[in-house]
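Everything below concerns the one structure shown next.
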Amino acid sequence: MRYLIPNSLRLRIRFNQALIASAWFCLLIPIISLLSIIWDLLCKSQGHLTFEFLTLTPVRAGRAGGIFPILVSTFYVVTLSLCLSFPPALGCALLISDRRSIANSFVNSLRRYVSVALDGLTGVPSIVFGIVGNAVFCRYLEFGYSILAGSLTLGFMIWPYMTRAFEETFNSIPKDIYHQSLSLGISSYTYFSKVILRHSIPGLALGIVLALSRAIAETSALLFTSGYSDRLPESLMDSGRVISIHILDLAMNVTGGEQNAHASGLVLLILLLVINSVFGTIFNLYRKTLN
Amino acid sequence: MIFNIFKIASGVFAITTLAIILSILLKDSYFALKSIQTISFFSGNWSPSNGEFNIFPMIFGSLVVSIGALLLVAPISWFSSLAITFLCPKPLAFLSCKLFELMSGIPSVIFGLWGLSVLVPVVGSIKPPGASLLAASLVLCLMVLPSTILLFCQSIESIPSEQMSASNSLSLSLMNRVRLVVFPFLLPRFLSILCLQFARTLGETMAVVMVAGNIPILPKSLLDPIRTLTGHIALEMPYAEGLHRSSLMFSGLLLCLPSLLLFYFARKNLDKIRHT
């Protein structure tokens, strides 16, 4: 026997089916295209990504040879920028997440403005950091195109992200601990060094890893600050080309550099993956054992 | 005491950094604003050696590319977050979330490289040269998709469990659930997430430079090459001097202000939602 279904309900059923179908279809779009990116990188860099590729210097503007000096200058720029941005990020995160100074109206209002400023800094496009870094460090302070100028600019760029990550860890410390420490009457420095730090080391490390992966991936802030030179940097005042600029240059300006561009892209991707997965798992496990 | 001074100093440092960035942009673009009449920023051609500084095509390009990307991102990420949260079996949902997490960390240069070597030839087979508005929008769309989907999934999971279990007990169909529970509850949050992504697409440089074609003329169709503000700065900054450089600083300022505002309002909105 057939049920009588009114037309309006039938329409609704059709709509529901259409919605489900389009949801499945839309899930496929990003998955397929993202897999295609990786597939493209793997295919086009086939045979180019060898051990020699990592240890040789680039020949003929990168068409042949390897990327060793580029990896070295990437390492310099990223490490230096992390070292530079760590102290202010720590201080800022402590200031924002400080529960002890709620009564102090000056600190309280400062905290609100700092939070707004940090939102603003995350919103500034990286190319703007690039041109401002160029104006300040390369021209005004006369560092020229150098690793120092690049890492200073990059440090300013990743600093707000680091602060946000630190702030999250500090906020996740249980309230009981804070009340207990308050009842003991310890100073805010002791509270930081004996209580907060012990609880938040894995969180801090995760924040640094986050900033690190952002710093490695960055191109446009370094375009006008750390420069294009693909020689091995000898000091901090030398110009050094980071890996993402190398990819850009090979793909855009060097004809016949596509395969090496793809190989360098694959190196960059593997580097990011290794950093994220290895450090991420280690510190997450550590955090679990700590709690 | 020293510890507190350190905290307050780094707080003040945050505010001064933002102030310094804005003031340097203002100071350097002041030269251009003073010597170029406002009208000539929006008429004529872009040829700095002849004293013509029309940046309107670049502003238009930035807006159109970002809006195009957002028009693609909004429905795709909305539907796929529905699929992940309501339709997928648990393991599949977990896997796709992991994939998207992984993908949201891919540097923009690699998206640009993919666009240059895969997408541009495909678009070029329709109408040469493939480097165009369409290609730029598609690459940007792909770049922000993973993080948008993840944020959407997060906000769908933040719906109070009473409402979800109530809709389960009524065995609502997917359409009714979306219409009656998810959509009214999450619309403001979706809008602020899209605002954040709009700011991100406006500020993106490398992926766009590699696929947009970079010709400073107003495009006539979707398949014409286009130049965005970010690409404009990236391409001309290395050899710009004097008035030219100052006008580039002005375009940096133009780029900076809307994304600052978008970020500020989106964050404020998200915080307000979180606290209620």
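Residue numbers begin at 1 in each chain, while the letters A, B, ... track the order of the sequences.
The local environment of CZ in B:F3 is crowded, with over 12 non-hydrogen atoms from other residues, nucleotides or ligands closer than 6.0 Å. Residue B:F86 qualifies as enclosed at atom CZ: its count of foreign heavy atoms under 6.0 Å is above 12. By the neighbour-count criterion of 12 heavy atoms within 6.0 Å, atom CD1 of B:I2 is sparsely surrounded, having that number or fewer from other residues, nucleotides or ligands. Within 6.0 Å of CZ on B:R179 lie more than 12 heavy atoms contributed by other residues, nucleotides or ligands.
Ring centroid separation for the pair B:F13 and A:F156 comes in under the 6.0 Å cut-off.
When each of B:G11, B:G203, B:G252 is checked for heavy-atom pairs under 4.5 Å with chain A, B:G11 comes out on top. Per-residue heavy-atom pair counts under 4.5 Å with chain A were compared for B:V12, B:L82, B:L87, and the maximum is reached by B:L87. Comparing B:E204, B:E241, B:R200 by heavy-atom pairs within less than 4.5 Å of chain A, the highest count is held by B:E241. Highest contact tally toward chain A, considering only B:A19, B:P75, B:C256, is held by B:C256 [criterion: heavy-atom pairs under 4.5 Å].
With a 4.5 Å cut-off on non-hydrogen atoms, A:S22 touches chain B through its backbone and its side chain both. Neither the backbone nor the side chain of B:C141 has a heavy atom closer than 4.5 Å to any heavy atom of chain A.
You'll find the side chain of B:I21 reaches within 4.5 Å of the side chain of A:F129, heavy atoms only. Inter-residue side-chain proximity for B:I8 and A:F106 is flagged as met; some heavy-atom pair is nearer than 4.5 Å. For the pair A:C26 and B:W78, the minimum side-chain heavy-atom distance is 4.5 Å or more. Contact annotation: the side chain of A:V124 never approaches that of B:F263 to less than 4.5 Å [non-hydrogen atoms, C-beta and beyond]. By the 4.5 Å heavy-atom criterion applied to side chains, B:I76 and A:P30 are counted as neighbours. Contact of the A:D40 side chain with the B:S117 side chain is registered, since non-hydrogen atoms from C-beta on lie closer than 4.5 Å. Considering only heavy atoms from C-beta on, A:L269 comes within 4.5 Å of B:I106 through its side chain. Counting heavy atoms from C-beta outward, A:I31 and B:S96 have side chains that approach closer than 4.5 Å.
Side-chain contact, A:N134 with B:R245: a donor N or O sits under 3.5 Å from an acceptor N or O.
Heavy-atom proximity under 4.5 angstrom to chain A picks out B:P107, B:V109, B:I110, B:F111, B:L113, B:W114 from residues 107-115 of chain B.
Shown here are the side chain to side chain contact (heavy atoms under 4.5 Å, CB included) partners of B:L102, two or more places apart in sequence or in another chain: A:L273. In terms of the side chain to side chain contact (heavy atoms under 4.5 Å, CB included) criterion, residue partners of B:N214 (sequence neighbours excluded) are, by chain and number, B:V209, B:A212, B:R227, B:L235. Taking A:D119 as the reference, A:R164 meet the side-chain hydrogen bond (donor to acceptor under 3.5 Å, both in side chains) condition, with sequence neighbours excluded.
Contact between A:W159 and B:A14 at its shortest, heavy atoms only, is CH2-CA, 3.1 Å. In terms of heavy atoms, A:L19 sits closest to B:M175 at CD2-CA, 3.6 Å. Residue B:D28 comes nearest to A:A135 through the heavy atom pair OD2-CB, 4.0 Å, listed as atom of the first residue, atom of the second, then distance. Between A:P87 and B:F6, the closest heavy-atom pair is O-CZ, 3.2 Å. Minimum heavy-atom separation, A:L34 to B:P146: CD1-CG, 4.1 Å. Heavy-atom minimum distance, B:M210 versus A:A251: CE-CB, 3.6 Å.
Partner of A:S33 under the side-chain contact (heavy atoms from CB on, under 4.5 Å) criterion, chosen from B:L119, B:V118, B:L142: B:L142. Each of A:L121, A:L118, A:V114, A:V116 was checked for a side-chain contact (heavy atoms from CB on, under 4.5 Å) with B:I15, and the lone residue meeting it is A:V114.
Taking OG1 from B:T230 and CD1 from A:I127, the interatomic distance works out to 6.5 Å, rounded to the nearest 0.5 Å. For the atom pair CG of B:L248 and CZ of A:F224, the computed distance is 8.5 Å after rounding to the nearest 0.5 Å.
The backbone N or O of A:L27 lies less than 3.5 Å from no partner atom in the side chain of B:S80, so there is not a single donor-acceptor pair.
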